[in-house]
Amino acid sequence: MTISYVVKNGIYINLTNRCSNSCKFCIRQNGAGVYGSDSLWLEREPTAEEVIEDLEKYDFNKYDELVFCGYGEPTECIDTLVAVAKWAKSVSDISIRINTNGHGNMINGKDITPMLEGTVDIISVSLNCADAESYAELCIPEFGIKAYDGLIEFARLCVPKVKKVVLSVVETTLPDEDIKKCAELAQSIGAELRVRPFE
Ligand code: SF4
């Protein structure tokens, strides 16, 4: 099974296929991999030891970052994520990023942001929308209408603990006024807004 794959200068880690969203645009509905990777559907979730064993095949000096990403929501496996991130920090100074839907605290039923302090450098939270109703309609979160405020609160709690917190939206999917609202929202919690191109 594919635990890690390379995209440009990053090593991407695939911890889980579970996700608390069912986004209408999710790439998982269209295929089994990304950027030419092998299938990212996992037979089972790897242990931290298995992820570390897999990562030992890379020379971290040749890459810019480690990214906990998908095919799924990485904070579904927060203990594995933190164990792997701590190991990576102990053997290198590679930058560590989490790409997340921001539901980590709701998924785990507790504030996980203290676990990220000192182990993760960048948190990129998919904001996707400018309001809770649009988010619930587009992302179909298992936490319902509360998911949007929950992800913003997660990002807000990350700000003092992580070097960089980014809220992301896709440029072609939102009108300018919504992007402006998202920028104001990001600024209000001390995060950055990234308007990313549709891929
Ligand atoms: S949060 Fe990401 S992995 Fe989950 S359904 Fe949405 S796009 Fe797919």
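Order of appearance sets the numbers: ligands from 1, and atoms from 1 within every ligand. Values in this document were obtained by computation on a predicted structure and should not be read as measured data.
- Side-chain N or O atoms of E50 include one that pairs as donor or acceptor with a backbone N or O of T47 at under 3.5 Å.
- Counting only protein N, O or S atoms, the number found under 2.8 Å from atom 6 (Fe) of ligand 1 is 1.
- Shown here, atom 1 (S) of ligand 1 is in close reach of the protein: a heavy atom of it lies under 4.0 Å off.
- The backbone N or O of L116 lies less than 3.5 Å from a partner atom in the side chain of T119, making a donor-acceptor pair.
- In D59, the CG atom is crowded: over 12 heavy atoms of neighbouring residues, nucleotides or ligands sit closer than 6.0 Å.
- Both V165 and L185 belong to a single network of hydrophobic side chains, linked directly or stepwise wherever heavy atoms of I, L, V, M, F, W or Y lie under 4.5 Å apart.
- Of the possible donor and acceptor atoms, one in the side chain of T2 sits under 3.5 Å from a partner among the backbone N and O of S39.
- For F143 and H103, the ring centers are positioned less than 6.0 Å apart.
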